[in-house]
Amino acid sequence: MTHETSILIIYTGGTIGMVHDPRTGILKPLGFDNLYKHLPVLESLNFHIDFHTFDPLLDSSNMHPSFWIKLAGVIEENYEQYDGFVVLHGSDTMAYSASALSFMLENLNKPVIFTGSQLPIGVVRTDGRDNLINSIEIAAAQEEETPVVPEVAICFENRLFRGNRTTKFNAEHFQAFVSGNYPILADIGVHIRYNRMHILKPNFKKLKVHKVFDENILILKLFPGISKQAVDCALQTSGLKGIIFETFGAGNAPTAPWFIDSLKEALDRGIILFNVTQCKGGAVELGKYETSAELGRIGVVSGYDITTESAVAKMMYLLGYDFEKDETERLLQTSLRGEMTV
Ligand code: ASP
């Protein structure tokens, strides 16, 4: 007997299922029935498809680590029953959620494909229909009974990206995402052409789901003229454990003594500083310029070519485990799920 491929679609919210409130004109998420009635094509796909709908549905700007835990829980509970998962999610914070899920789902051997749209499914020119159907095809794709994409990915506008390498860079174009430091995993045209060399390989180990996050972090984004008062205020945040330190270019920052002293004082208090570049492509190279050499010397750790979204998820995930500071710093600089090139 041949096995019928089964896919679980998990609906979290986002534009794809939204409608305009007739009174205010504001876009709001609407229940699953609204989404389903616009997708008769699902009936004609050759797969068994089930649905899980979250209640309430979210605009993804309301996304929170506690929701990531629920989402990972749904995948965990259904992991054995389904061949692949499609997560319908708002595009605004999709890169954060996909990154978080990649860290939570250790030994993932099945596809978890995030998608959504820029126009609601009920709008004639919607990009949601193609995004969803492509995602289902990819979640179902197998070769020799092994999934072709056994990782957390984002499928948007005819491209498949590694989830933890992705950034939303356009609020207008259907092509909303970019992966500045990692090749696309698949190019979707007449054929879906998989970039096999760059897709993670399954390890056939048992799925392990990590469900702890520590949210005591912040992003400190540099700009010319940033004041001592602003820097110190951020560094003195109560309960703070880690900072995603968004620097210029290849990881560079001002060399002013007050600035270095403020960072050093925070490092001495046990706060971790993770250096991530503001650029959408390229990597941090501590010591390449004089403006980064001192950062390395005082103990700022390199984020190499990680995205800010992935750095946020990774730091919350690692801090959740309360490791020794050295160990957290070592893991931050290690590629755990293909999120950075070291
Ligand atoms: N605000 C929406 C959301 O992120 C935008 C979208 O889905 O594209 O939920």
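Counting starts at 1 for both ligands and their atoms, following the listed order.
- Near Gly14, meaning under 4.0 Å from one of its heavy atoms, ligand 1 places the atoms 7 (O), 9 (O).
- For Asp92, a nitrogen or oxygen atom sits less than 3.5 Å from a nitrogen or oxygen atom of ligand 1, counting backbone and side chain alike.
- Of the polar atoms of Ser117, at least one N or O is found under 3.5 Å from an N or O of ligand 1, judged by distance alone.
- At a 3.5 angstrom cut-off on N or O pairs, Thr93 does not count as close to ligand 1.
- The residues Lys110 and Asp83 are annotated as not salt-bridged, no charged nitrogen and carboxylate oxygen being separated by less than 4.0 angstrom.
- Looking from atom 8 (O) of ligand 1 to the surrounding protein, the closest heavy atom is Ser91 OG, 2.4 Å.
- A ring pair (Phe, Tyr, Trp, His ring centres under 6.0 Å) with Phe51 is found for one member of Tyr11, Phe32, Phe85, Tyr82 and no other, namely Phe32.
- Between Phe67 and Phe54, the two ring planes are tilted [angle within 30° to 60°].
- Protein heavy atom at the shortest distance from atom 9 (O) of ligand 1 is Ser60 N, 2.7 Å.
- Between Tyr317 and Tyr321, the ring planes are perpendicular. Angles over 60° get that label, and only those under 30° would be called parallel.
- Of all protein heavy atoms, the one lying nearest to atom 5 (C) of ligand 1 is Thr15 OG1, 3.1 Å.
- Taking CG from Asp127 and CD1 from Ile16, the interatomic distance works out to 7.5 Å, rounded to the nearest 0.5 Å.
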Checklist entry - Would Asp59 and Lys28 satisfy salt bridge (charged side-chain N to carboxylate O under 4.0 Å, His left out), going step by step from the backbone distance to the final call? => result CA-CA 8 Å; Asp59 182 301; Lys28 288 193 176 152; over 6 Å; no
